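Here is the naming used below: chain letters follow the sequence lines, and residue numbers restart at 1 for every chain. Keep in mind that what you see is a predicted model, and the values were worked out from it rather than measured.
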4 protein chains.
Amino acid sequence: MDEKQERRDNILEAAALVFSEKGYHQARVEEIAVQAGIGKGTVYEYFASKLELFQEMFGTLLGRWFEELYGTEVWEGPVVEQLRRILVVHLEFINRNARLARVTFVDSYGVDQELDQWMYEQRQEKVERMEQFFCEGIQRGEFRDDLDAALLAQIFTGALASVVVPVVMEEIEIDAAATANRVLEVLMHGIAAR
Amino acid sequence: MDEKQERRDNILEAAALVFSEKGYHQARVEEIAVQAGIGKGTVYEYFASKLELFQEMFGTLLGRWFEELYGTEVWEGPVVEQLRRILVVHLEFINRNARLARVTFVDSYGVDQELDQWMYEQRQEKVERMEQFFCEGIQRGEFRDDLDAALLAQIFTGALASVVVPVVMEEIEIDAAATANRVLEVLMHGIAAR
Amino acid sequence: MDEKQERRDNILEAAALVFSEKGYHQARVEEIAVQAGIGKGTVYEYFASKLELFQEMFGTLLGRWFEELYGTEVWEGPVVEQLRRILVVHLEFINRNARLARVTFVDSYGVDQELDQWMYEQRQEKVERMEQFFCEGIQRGEFRDDLDAALLAQIFTGALASVVVPVVMEEIEIDAAATANRVLEVLMHGIAAR
Amino acid sequence: MDEKQERRDNILEAAALVFSEKGYHQARVEEIAVQAGIGKGTVYEYFASKLELFQEMFGTLLGRWFEELYGTEVWEGPVVEQLRRILVVHLEFINRNARLARVTFVDSYGVDQELDQWMYEQRQEKVERMEQFFCEGIQRGEFRDDLDAALLAQIFTGALASVVVPVVMEEIEIDAAATANRVLEVLMHGIAAR
DNA sequence: GATGAATGAGTGTTCATTCAT
DNA sequence: AATGAATGAACACTCATTCAT
């Protein structure tokens, strides 16, 4: 039983590797099998199709990531500290998994209609979770009450994604804590000279 | 001669349409030919391969966009107004070309090694142009001088991209001017309660 | 030992069911195993291959059928009554085993060279047995002596097969006795107006 | 235009050859292509799938056969002569196309649900055409009016199929005219001694 | 003996690209 | 120049068979 799960995870890991290197369309099921050290047919014992394997891999990956980032643990401190924590964890995660993170960039839209929608929904869910943080921050009086939480969530998400691009693309490591602080500083107090 | 250019543009237009709807891999050369109202073979009279056609289409498109957004025209007013203008133009452009804009989201990384690099470079160039704006803003005293222009450029770019996602994905139109103002307000004065 | 035979028959029964529903090529060994309530590997403990299983199943089935239809029991009455009896038994058998009878229709030729030949031989044997009936009928003066017994056997066999098609294909039940009488009437006294 | 038709027919001919030799499942699309002297991909320019190719081949073949056998030409003579003609044409056709005729025997049921139905319907259509002959014969007073035309059609069809089996299976040639006469004699005047 | 997880040979189908017309 | 019929390399997926447990 445990062994089945192990083998499954094994395949998912291999899939993550190959998909992130080649993108969905360039990836060959056989290469994933070889990477996992098993026969081609065995992949199909665990996943119904290449697409399902991709979705499962992607979902599992994103799920784990999410859990790590926005996990259910209660956070009692100031929201801004929560944001800082998210930024740091996020950046550290990317530092450690640059290649894996490419999956989210590589050849992912357009795979198929259904997947597109699913990925967009995943993204939206993430944004909505962020929105709640900002709502809470506004209610607690930490954040300005004349701003739209949804917009803040969008901008925060975008900023986060943007900062991460060079890490992923050039496999440059960045200083998670320092970068998080700098990004937060900008978002918290703005650009304008005072 | 002019006719050749016209035919070429014709194909590029058809390519943009089809690639943006289907993504690179799902798009069929024949469909592009049909869309352009020509024979399949003719495409190959103007472009050596599907990949070259994609690159050409993508480059031309991005070039035009860039020109419109960050064109060479001298801008004398405050940098913040320049940013506002960029935001507005950008949002309006997306409003008008949501489908076309999908190209930049759809199935673009992973097409091939070379193209990935090229697209990343395009993105970096854009970010660097933005960086110059922020540098100028800092020098002019419009922006805080304790912030890193490169980081600001990243954040701005990310925010811009992020705000645009729903427009592209759900083909919702947004109020360009209002959204621009709201984004700018956040970026300029920050989130923190005062 | 007896248990082994039971298990074997069990598999044959399952095979008959699945092969008759799907035909040889569409039938999956695993489905037969499931149908027999055993593991896939076990099938191979009793039969060397899918083909052998099919041949065994088919032969056994046809053998039993044959025995029932043209069994060795001596028949003393008029040949025409013998024919009637064969018709009735045949039709009743089909009524009861329509699905099973499909095996002989479904996807059976072309399975493999050897099997084709074997099936043809089975058919020929059946025809030859019929031929003997007609010979006897002619000798006894029941049938016209200006006809070729072999041809009569062919025609009788064909008529029998033909009448049975709708039963097998549409799983319609027919009145065995009535149909037998009507077929015999035609064959005995001909179509021509008198 | 004519050329396209020629090529198409070319493929159909090759398909008939290969399908009749191997049966549907054993036949390889590539072998058909090679047989037709073209590339594998070309087959798919003319037929959407292996199944469609088979159906088209089978339908065309049966259609031609039908046309030749029961063609629309008005027949003014006695129905019995029409039947004789059908028998003769049928037997001559089989003599000339024994291998082709195997197609209808080989591996045809069970190919797929849809095809099964279609083939059965083809058969039924044929039987129904026959039924009309017998109806007409009965109305004209040529045939007994106490018999069911539908049953006669079944029996005639079965007899026809049965007589043909050895030709197809053993590639023995038979004397079409003589056999037709003998079959008709049996069917018309019956087996019973008078 | 029984099992079912693992295997990989085998094949239908797609589609970018070519080239004779 | 323009075409589109022809091509065949490439690949996802199936399933009979094996064999370690």
Side-chain angles (χ1 to χ4, degrees), chain A residues 1 3-4 7-8 11 24-34 36-54, chain B residues 3-4 7 11 24-34 36-54, chain C residues 3-4 7 11 24-34 36-54, chain D residues 1 3-4 7-8 11 24-34 36-54:
Chain A
M1 196 77 84
E3 244 174 69
K4 283 210 78 163
R7 175 63 56 104
R8 200 186 135 92
I11 297 172
Y24 181 79
H25 287 101
Q26 299 298 332
R28 316 262 159 260
V29 172
E30 183 153 28
E31 193 180 345
I32 292 171
V34 168
I38 59 175
K40 186 178 20 171
T42 307
V43 173
Y44 287 88
E45 293 288 324
Y46 292 85
F47 303 93
S49 66
K50 183 186 179 184
L51 182 57
E52 194 189 292
L53 173 55
F54 181 79
Chain B
E3 240 175 76
K4 286 206 71 162
R7 172 68 53 105
I11 298 172
Y24 181 79
H25 287 102
Q26 300 298 331
R28 308 283 155 238
V29 172
E30 180 153 31
E31 196 180 343
I32 293 171
V34 168
I38 59 174
K40 188 172 24 166
T42 309
V43 173
Y44 286 86
E45 295 290 323
Y46 292 85
F47 303 94
S49 68
K50 186 187 179 182
L51 182 57
E52 193 189 293
L53 172 56
F54 181 78
Chain C
E3 237 175 75
K4 285 206 72 163
R7 172 69 55 104
I11 297 172
Y24 180 78
H25 288 101
Q26 299 299 329
R28 310 279 156 240
V29 171
E30 178 152 32
E31 196 180 344
I32 293 170
V34 168
I38 59 173
K40 189 173 21 167
T42 309
V43 173
Y44 286 87
E45 295 290 324
Y46 292 85
F47 302 94
S49 67
K50 185 186 178 184
L51 182 57
E52 193 189 293
L53 172 57
F54 180 79
Chain D
M1 195 78 83
E3 244 175 71
K4 283 209 78 162
R7 173 64 54 104
R8 200 185 135 92
I11 297 172
Y24 181 79
H25 287 102
Q26 299 299 333
R28 317 263 159 259
V29 172
E30 182 152 29
E31 194 179 346
I32 293 171
V34 168
I38 59 174
K40 184 173 27 165
T42 308
V43 173
Y44 287 87
E45 293 288 322
Y46 292 85
F47 304 93
S49 65
K50 184 186 179 184
L51 182 57
E52 194 188 295
L53 173 56
F54 180 79

message: By the 4.0 Å heavy-atom rule, please label D:Y46 as base, sugar-phosphate, or nothing.
response: sugar-phosphate

- prompt: Any stems for DNA chain F, made of 3 or more Watson-Crick or G-U pairs in a row, each with both distances under 3.5 Å?
  reply: E:2-21 with F:2-21

- prompt: What is the distance from CZ of C:R7 to P of E:dG1, rounded to the nearest Å?
  reply: 11 Å

- prompt: Can you give one letter per nucleotide of nucleotides 11-18 of chain F, 5' to 3': B if a protein heavy atom sits under 4.0 Å from the base, S if only from the sugar-phosphate, - if neither?
  reply: SSBBSSBB

A:F47: which of A:T42, A:V29, A:L53 passes side-chain contact (heavy atoms from CB on, under 4.5 Å): A:L53

message: Can you confirm whether C:Y24 sits close enough to C:L51 that some side-chain heavy atom of one is under 4.5 Å from a side-chain heavy atom of the other?
response: yes

message: Please check this pair: side chain of A:K4 against backbone of A:Y46, looking for a donor-acceptor N/O pair closer than 3.5 Å.
response: no

field: Euclidean distance, atom CD1 of residue D:I11 to atom P of F:dA5 [Å, nearest integer]
entry: 12 Å

message: Could you measure the distance from the CD atom of D:E45 to the CZ atom of D:R8? Nearest 0.5 Å is fine.
response: 13.0 Å

query: Just wondering, more than 12 heavy atoms not from D:E30 lying within 6.0 Å of its CD?
result: no

- prompt: Looking only at heavy atoms, which two atoms of B:A33 and B:K40 are closest? And how far apart?
  reply: CB-CA, 3.7 Å

- prompt: D:F47 CZ to E:dT14 P: how many Å, rounded?
  reply: 15 Å

- prompt: Can you name the nearest heavy-atom pair linking D:K50 to D:H25, along with the distance?
  reply: NZ-O, 3.8 Å

message: I need the minimum non-hydrogen distance between B:I11 and B:I32, along with the two atoms involved.
response: O-CG2, 4.1 Å

Position toward the 5' end of DNA chain E (nearest nucleotide), A:V43 or C:G39: C:G39

